[in-house]
Amino acid sequence: MTTTPDPAPSTADITPDPEWTPRYRRRLRATLEALVKQPAPIHVAELQALAAARVPLNDYDRSVTKSGAVRAWNNLGWLLTTSFEHAGWLHATQEGGFRATRDGAEALTEQADAQALYDAANLAYRDWDALRKAPLSPAPVDAETEIVHDGAGFVHALLAVEPVLTAWRAGDSAFVPGTDAWGRAAATALRDYLAAEPTPDGPMYGLALDKARVLAAEAWVLLIAPISDIVGSTKRSRVRNPLMPMTELPPGLPWEMSAHLEQGFVHAGQALIATPWVMLSSFANLLVHWHEQPAAARDAVWEDPWAFRDLAAAAQGVDPRVAALLCVVVHPTSFTTVLRPLDREAIVSALGTDADVLGGDTEKDLKTITLRLQADAGGAAVRYEQAPLLQAWNNDGAQRAWLVRGEVDQQNRVPTWVRQGIVSITVGKLTQLPKEPTQKSLGDLVDEHYGDLQVVKREAKKRDVLSFALGMRGGDLVSTVDGGALRLGWLLDEPAQLQSIGGMTLLTRGVTWYSEVAPQVKALPGSIRTRVRFKGEDVLDLTDLAGPLEELTGSEDELTQPGDDELDELLTSAVTEPDETEDEPVTVEPAVLSCDAKDLAAQLHHADASWVEELMISLNERRQVVLEGPPGTGKTFLVQALLEACGLTEAQSALVQFHPTYSYEDFVEGFRPVATSDAGGASLTVTPGPLKRIADEARNAPGKPFVLVIDEINRANIAKVFGELYFLLEYRGAEVELLYSAGERFALPPNLFIIGTMNTADRSIALLDAAMRRRFVFLSMGSEEPALAGMLHRWCEATGRPTALADLRNRLNTEMAKRGLDPALAFGPSYFMRDGVETPAALDRLWRRELRPMLVEHHYGKHQQVDAWYPFPVWVRDLGLDGSADTPVDEAGADAQ
């Protein structure tokens with residue numbers, strides 16, 4: 001919750017207030033009283049003002065907790081969103097506000113004072129918490145004739161939907177008994193609203209009929225209670241949202257139903273979960289269709305599972321996955337949890353045997369197969385989405401993930417993709433797709449239309465088209481780089497379409513993009529960061545990273561809705577159709593790297609900007625620089641800070657790390673195996689490496705600087721790794737013929753900068769020869785550089801850490817020099833520039849795990865004398881870093897909220 005303008009004393013400046021407990025409970029009751037009087041949701045800042053007006057804040061209330069939050073508002077927000085909300089007394093809005101419920105108003109009447117209200121809320125919360133975790137067991141069924149569903153999630157889901165199904169059959173309401181929320185009028189109003197404004201995941205402000213709002217909330221219970229891959233908080237949010245703008249106080253979410261929403265038993269998949277408008281509008285269409293049937297037909301669907309299935313299938317505008325979900329909710333003993341029709345067909349095709357009496361009705365045949373498998377398993381439930389059955393019918397059952405490059409052809413298409421709800425690749429030479437797209441037909445089409453391209457480019461285009469049209473499937477996770485951010489979304493279950501608009505031919509797929517989830521690529525784990533940057537293909541399979549990528553999406557973040565605009569909008573910023581055979585010469589200003597040298601130097605704690613200025617001059621004059629220095633001087637960190645200071649996006653830089661086995665094939669290009677259409681077959685194709693990929697990117701955008709960072713550049717055989725490109729390092733304007741692409745001329749574009757880092761202490765490899773030094777500018781990052789001397793001391797002062805850390809490092813390096821060690825082996829400042837390193841325990845770990853082992857290696861043969869020569873623990877004590885002078889801070893009275 002936000003703070004008031006009043007000053008907030010720190011905990012250290014305040015003493016505990018014995019009246020705090022009764023006062024915050026009076027404020028809590030006063031807050032609910034204020035909410036009950038509000039005709040609409042109220043934002044948290046206004047709510048705080050109302051609460052403070054009724055129960056004023058004193059200095060203790062305005063003090064901050066250990067987390068830095070104002071005590072009164074931290075306490076109030078916690079209680080409102082836990083005990084009060086789960087008791088059903090209020091709803092929290094997506095916009096950061098609250099709305100009281102009818103149940104909340106009744107609680108004020110029933111509970112005489114603040115203490116009684118607080119106790120009742122706490123009791124309700126404990127009951128809610130116990131019920132949501134309860135290990136409920138399903139009632140037994142006849143495994144020979146009925147489909148078995150096991151687990152507590154199944155029971156919780158059935159208990160959540162039971163009152164709603166009862167209300168549906170009676171035309172009543174589970175939330176507001178006596179209201180015909182499930183009548184024809186409410187169903188029609190909801191359907192018409194969704195057809196005009198498909199935004200059911202929010203408060204649905206344009207829906208005027210209150211009973212239609214109640215219907216929407218109760219419908220959400222049916223749709224999401226069974227789903228196991230939506231967290232309980234998101235389920236409850238979807239149910240509450242339609243109730244927010246009601247003209248009168250809305251009903252509360254019954255605490256029992258709220259608790260049951262915590263679990264589920266149907267794995268719906270993100271492709272369905274990410275499209276709430278599909279789910280709710282499908283249900284509204286089905287309900288209207290149900291009302292249009294004769295009374296006898298409406299009654300029959302509750303007793304006959306196949307009558308319900310047929311009614312749902314006959315309704316217009318009902319997604320088959322939603323129909324399947326409702327079938328298993330209404331008649332769980334007749335239907336499985338497999339929602340996608342193609343999956344059900346695949347199971348029947350793969351698992352049906354001669355012993356099964358199949359009649360050609362997929363759902364009935366699937367039940368037949370399931371009953372047999374249940375019998376084989378001794379009456380246990382059958383899980384088609386789990387191993388080993390998953391592999392039996394779907395050899396590729398894992399969640400798949402893809403990267404589709406959006407920053408191509410010198411433009412960024414990602415903002416338009418997000419706005420339009422699509423993803424696309426350019427296929428400028430194709431005019432139509434085969435009637436039945438297969439690997440062979442699409443591959444032949446690319447060979448036919450792209451025959452004039454070099455083999456490397458043609459094979460890359462073929463891989464892109466095949467992956468985009470056939471490899472990507474509905475429900476797959478899609479990612480792309482948008483500037484410096486990673487965009488994520490879920491692929492819709494629709495085939496690829498060929499669109500020829502405005503002179504540009506695009507292959508498109510529908511995607512539901514996350515609007516708020518856009519983590520910075522530079523902040524991602526290395527395993528993800530290195531994969532999403534500079535791959536030769538426009539479409540890259542990231543299935544091995546599907547789990548970590550899916551974790552980035554969170555569970556409650558808003559997804560964008562596809563718009564209704566024509567695809568022409570996609571091309572409003574497009575230039576002309578890109579020529580995919582040969583680039584036309586373009587006259588542009590030479591690309592340069594520039595930054596605020598003084599600001600960067602200050603950020604790096606340099607004494608002045610002279611070293612940074614020399615680095616920038618060297619880069620722009622020579623295009624190739626190596627930063628050399630002892631371990632821990634921050635070479636790689638400096639490069640990353642430089643790229644950020646120069647304003648380069650993730651699309652304009654790439655990093656590779658050399659090692660002794662790194663080769664030309666790894667770095668420039670080489671043959672790689674690629675699967676063929678033959679079962680288990682593979683062929684070799686020329687695949688570009690990181691240097692060739694970033695060089696091609698730089699050539700396509702000559703006005704922008706691109707930087708290739710080579711970490712530990714001296715750990716590989718440079719002449720062998722660069723091959724014929726070794727010549728280009730000295731003669732940028734020249735061209736050479738590549739080893740694996742006969743006839744293709746290649747040059748290093750002038751806007752490609754190369755920065756290498758080199759550890760001068762690494763004696764396991766040779767230093768660079770004279771020819772290499774002639775091709776690079778070498779800048780030292782040792783402490784002998786005037787601007788870099790004293791960097792650790794300045795960092796300590798800037799961050800409030802003891803400058804004795806710098807003295808400790810100086811003693812260590814001085815002793816190393818006295819013992820005859822080469823200055824190149826000195827320890828750099830970054831060993832001591834870590835969070836918490838000033839603590840005695842951290843310094844002890846630093847010595848035992850990092851510094852001492854290296855000294856033992858440096859003094860090989862005399863390693864038994866290391867502890868005597870380098871009394872590190874004694875130095876720590878002498879410099880006052882052993883913590884003996886510190887006293888713990890007592891934050892007595894801090895509210896443990």
Side-chain angles (χ1 to χ4, degrees), residues 1 19-42 44 46-48 50-55 72 75-93 97-132 134 159-160 162-164 166-167 172-179 181 210-211 213-214 217-218 221 236 239-240 242-262 897:
M1 301 181 74
E19 295 300 316
W20 159 250
T21 298
R23 188 170 60 256
Y24 83 66
R25 293 178 182 178
R26 291 197 305 273
R27 185 178 295 118
L28 185 62
R29 182 183 179 95
T31 301
L32 184 57
E33 291 172 342
L35 281 171
V36 166
K37 297 177 182 179
Q38 298 298 316
I42 181 173
V44 64
E46 186 179 353
L47 183 62
Q48 288 173 357
L50 291 175
R54 286 163 172 75
V55 182
N75 172 269
L76 182 66
W78 169 264
L79 292 172
L80 289 178
T81 56
T82 53
S83 56
F84 274 39
E85 186 173 28
H86 292 308
W89 296 353
L90 56 81
H91 298 315
T93 70
F98 296 92
R99 181 88 194 270
T101 69
R102 301 174 190 181
D103 304 80
E106 292 175 2
L108 287 171
T109 302
E110 294 171 355
Q111 309 303 326
D113 55 34
Q115 183 63 46
L117 186 72
Y118 177 84
D119 290 341
N122 268 354
L123 179 60
Y125 177 78
R126 286 197 297 270
D127 290 343
W128 172 88
D129 188 53
L131 182 57
R132 70 180 176 131
L159 291 174
E162 182 179 8
V164 177
T166 300
D172 198 354
S173 168
F175 290 176
V176 189
T179 302
D210 274 357
K211 61 183 179 181
R213 292 187 169 280
V214 176
E218 296 183 17
V221 175
R236 289 185 283 272
V239 174
R240 289 176 174 132
L243 303 173
M244 293 294 183
M246 290 180 64
T247 54
E248 298 179 354
L249 284 178
L253 175 57
W255 71 264
E256 298 95 336
M257 183 181 291
S258 171
H260 291 314
L261 289 175
E262 193 74 14
Q897 299 297 336

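The shown structure was predicted, so the numbers you read here are calculated from the model rather than taken from an experiment.
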Any side-chain heavy atom of Leu47 within less than 4.5 Å of one from Gln38?
no
Taken in chain and number order and not counting sequence neighbours, the residues that satisfy ring pair (Phe, Tyr, Trp, His ring centres under 6.0 Å) with Trp128 are His86, Tyr125
CG of Asn75 to CZ of Arg23, rounded to nearest 0.5 Å, is 10.5 Å
Sorted by chain and number, sequence neighbours left out, side-chain hydrogen bond (donor to acceptor under 3.5 Å, both in side chains) with Glu33 holds for Arg29
Ala34 meets the side chain to side chain contact (heavy atoms under 4.5 Å, CB included) criterion, sequence neighbours left out, with Leu50, Arg54
- Message: I'd like to know if the side chain of Arg99 and the backbone of His91 have a donor-acceptor N/O pair within less than 3.5 Å.
- Response: no
Applying side chain to side chain contact (heavy atoms under 4.5 Å, CB included) to Ala121 and not counting sequence neighbours gives Ser83, Phe84, Trp89
Here the salt bridge (Lys or Arg N to Asp or Glu O under 4.0 Å) pairs for residues 245-254, sequence neighbours left out, are none
- Compare all side-chain heavy atoms of Leu261 with those of Val239 and state whether any distance is below 4.5 angstrom. yes
For Thr101, the side-chain hydrogen bond (donor to acceptor under 3.5 Å, both in side chains) test, sequence neighbours excluded, returns none
Value for CG (Leu249) from CG (Leu35), rounded to nearest 0.5 Å, stands at 9.5 Å
Can you find a pair of side-chain heavy atoms, one from Leu90 and one from Leu80, that are under 4.5 Å apart? yes
Scanning both residues in full, the closest heavy-atom pair of Gly178 with Asp172 reads N-OD1, 2.7 Å
Residues at least two apart in sequence or cross-chain that pass side chain to side chain contact (heavy atoms under 4.5 Å, CB included) with Pro22, listed by chain then number, are Glu19, Arg26
- Query: Under a 4.5 Å cut-off applied to non-hydrogen side-chain atoms, are Thr21 and Tyr118 in contact?
  - Reply: no
Quiz item: Side chain of Arg213, backbone of Leu243: donor and acceptor closer than 3.5 Å?
Solution: no
Taking every heavy atom of Ala160 against every heavy atom of His260, the minimum-distance pair comes out as CB-CB, 3.7 Å
Check your understanding: Given the rule in the side-chain contact (heavy atoms from CB on, under 4.5 Å) test, do Val176 and Lys211 qualify, once you have shown the distances and angles that lead to the verdict?
Key -> CA-CA 9 Å; Val176 189; Lys211 61 183 179 181; over 6 Å; no
For residues Phe98 and Thr81, determine if any side-chain heavy atom of one lies less than 4.5 Å from a side-chain heavy atom of the other.
yes
For residues 79-88, the salt bridge (Lys or Arg N to Asp or Glu O under 4.0 Å) pairs (sequence neighbours left out) are Glu85-Arg240
Residues at least two apart in sequence or cross-chain that pass side-chain hydrogen bond (donor to acceptor under 3.5 Å, both in side chains) with Arg236, listed by chain then number, are Glu262
For Thr247, the side chain to side chain contact (heavy atoms under 4.5 Å, CB included) test, sequence neighbours excluded, returns Asp210
Under 3.5 Å, which donor-acceptor pairs do the side chains of residues 107-114 form with other protein atoms, sequence neighbours left out?
from: Thr109; atom 1: OG1; to: Ala105; atom 2: O; distance (Å): 3.3
from: Asp113; atom 1: OD1; to: Gln115; atom 2: N; distance (Å): 3.3
from: Asp113; atom 1: OD1; to: Ala116; atom 2: N; distance (Å): 2.8

Worked verdict on Met246 versus Arg102 for side-chain contact (heavy atoms from CB on, under 4.5 Å)
CA-CA 11 Å; Met246 290 180 64; Arg102 301 174 190 181; 3.9 Å; yes
In terms of heavy-atom contacts, Ala174 and Ala167 come closest through N-CB, 3.5 Å
Applying side-chain hydrogen bond (donor to acceptor under 3.5 Å, both in side chains) to Glu218 and not counting sequence neighbours gives Ser173, Trp182
